[in-house]
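Data first, discussion second: the structure below is written as structure tokens.
Letters go in sequence order (proteins before strands), and every chain restarts at 1.
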There are 2 protein chains.
Amino acid sequence: MNNKENFVNKLRSSGLRPTKQRIEICKALYDREKTFHFTIMDLAKILKRKSREKISLATIYNTVFAFKKKNYLKEISINKNKSYFDTNVSSHHHFFNESSNELIDLKKSDVGRVNIKRKIPGKKIKSVEVLVRISD
Amino acid sequence: MNNKENFVNKLRSSGLRPTKQRIEICKALYDREKTFHFTIMDLAKILKRKSREKISLATIYNTVFAFKKKNYLKEISINKNKSYFDTNVSSHHHFFNESSNELIDLKKSDVGRVNIKRKIPGKKIKSVEVLVRISD
DNA sequence: CACTACTTTAGAATCATTATAAAGTAGAAA
DNA sequence: TTTCTACTTTATAATGATTCTAAAGTAGTG
Ligand SMILES: [Mn+2]
Ligand SMILES: [Mn+2]
Ligand SMILES: [Zn+2]
Ligand SMILES: [Zn+2]
């Protein structure tokens, strides 16, 4: 389904040249069944293992931020030392397992409607996201 | 109300020696009417302005983390480059104004009850917090 | 093939945070 | 008060993630 051809097309149609580095990164990110939550360092390690040729850390940063700008990745802030990225770019809620430092997506139906009653004059709501911290 | 005597007592009863640096930091943090949301750099600037004697950045870090450990401050993660601290240590929700990078507390009554329907076997819920991003 | 804009890369720079270790101080005891 | 010690502050160095730089490489076009 998400084969190389797809990635090439998607990149090209986004104005990003389908370089071999970007295709490798696409495979690592999107060639999986479930949402992937990762840090830059997670991704760097995966690429080091899976990919034959070395991809420089600078390129990993460049690509992740390029994908974020194109809305193919979403950045999630959980704590100051780790910045997480998420292949699920929709507005959604999370469990954060503090024992394993792992993020888990919550579906809309897992959380009852969140009703924000207070308004701030002149401001618009951009997103409403719930973070549920869990541990053993 | 929150005069120097109170701070001295509170520090001493927490096993923290009431040094003049810690008292100055207490004044900056707690001698105010509303919840205070700040970054370390915010606090450093305030202390530089308000306090006669210089307090080293190392001491500001040490004290903020000592207060966090004693549960006199809560750390809030909004984005990777800024770590916010909050003088409201209860579990509560926030607006985050993306135009001004400002946090605003939401009261319990400002948000309808958040109902987490999904359970993770063997895990306990530690907190449920809502972040509402707003902008102009 | 030739050209150009985009891309990758190693390495340096930056900057918030953390660690180090020496000097200073609060509190307790003598 | 004086002494003692553990705690605290401080300047400074180290760390480490991220960003920047500038040179070499490459995709796409004609
Ligand atoms: Mn935290
Ligand atoms: Mn962000
Ligand atoms: Zn997610
Ligand atoms: Zn708050």
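As a whole-Å value, the separation of A/Leu11 CG from C/dC6 P is 16 Å. Residue A/Asp42 contributes atom CG, which lies 12 Å from atom P of D/dA17 at whole-angstrom precision. If you take CZ of B/Phe65 and P of D/dT8, they are 17 Å apart, rounded to a whole angstrom. Separating the CD1 atom of A/Ile25 from the C1' atom of C/dT9 is a distance of 13 Å, rounded to the nearest angstrom. Residue B/Ile60 contributes atom CD1, which lies 12 Å from atom C1' of D/dT9 at whole-angstrom precision. Whole-Å rounding puts the B/Asn62 CG to C/dT20 P distance at 13 Å. For the pair A/Lys68 NZ and D/dT19 C1', the interatomic distance rounds to 14 Å; values are reported in whole Å. Rounded to an integer number of Å, the gap from CD1 of B/Ile23 to C1' of C/dT25 is 13 Å.
To the nearest 0.5 Å, the span separating CD on A/Glu24 from CZ on A/Arg52 amounts to 8.5 Å.
Distances from the side chain of A/Ser83 to the nucleotides C/dA19, D/dC20, D/dT18 place D/dT18 closest. Closest approach to the A/Tyr61 side chain among C/dT9, D/dT9, D/dT19 is made by D/dT19 (side chain taken as heavy atoms from C-beta onward). With C/dT7, D/dT10, D/dT19 as the candidates, the nucleotide lying closest to the side chain of B/Ser56 is D/dT10.
In plain terms, the two heavy atoms of B/Phe96 and B/Leu131 that are nearest each other are CB-CD1, 3.9 Å. Nearest heavy atoms, B/Leu103 versus B/His37: O-ND1, 3.5 Å.
Axis deviation across the helix from C/dC1-D/dG30 to C/dA30-D/dT1 amounts to 20°, comparing end segments of five pairs, rounded to 10 degrees.
The side chain of B/Gln21 contributes no N or O atom lying less than 4.0 Å from OP1 or OP2 of C/dT25.
Checking side-chain atoms of A/Asn62 against main-chain N and O of A/Ala58 turns up a donor-acceptor pair under 3.5 Å. B/Tyr30 places a side-chain N or O within donor-acceptor distance of the main-chain N or O of B/Tyr72, the cut-off being under 3.5 Å. Put simply, the side chain of A/Ser13 gets close to the backbone of A/Asn9: a donor and an acceptor are under 3.5 Å apart. Checked by atom type and distance alone, the side chain of B/Lys119 pairs as donor or acceptor with a backbone atom of B/Ile116 at under 3.5 Å. Between the side chain of A/Ser99 and the backbone N or O of A/Asp136 there is at least one donor-acceptor pair closer than 3.5 Å.
For residues 5-16 of chain A, the set of pairs meeting the salt bridge (charged side-chain N to carboxylate O under 4.0 Å, His left out) definition, not counting sequence neighbours, is empty. Applying the salt bridge (charged side-chain N to carboxylate O under 4.0 Å, His left out) test to residues at least two apart or on different chains, the pairs with a partner in residues 84-102 of chain B are B/Glu98-B/Arg133.
Take A/Lys34 and apply the side chain to side chain contact (heavy atoms under 4.5 Å, CB included) test, not counting sequence neighbours, and it matches no residue.
For the pair A/Leu57 and B/Ile40, nearest-nucleotide mapping onto DNA chain C gives the more 5' position to A/Leu57.
Sorted by residue number, the members of residues 47-55 of chain B with any non-hydrogen atom under 4.0 Å from DNA chain D read B/Lys54, B/Ile55.
The distance between the ring centers of B/Phe85 and B/Phe65 falls below 6.0 angstrom.
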Between the protein and nucleotides 26-30 of chain C, which nitrogen or oxygen pairs come in under 3.5 angstrom?
from, atom 1, to, atom 2, distance (Å)
C/dA26, N3, B/Arg17, NH1, 3.3
C/dG27, OP1, B/Arg12, NH1, 2.5
C/dG27, OP2, B/Arg12, NH1, 3.4

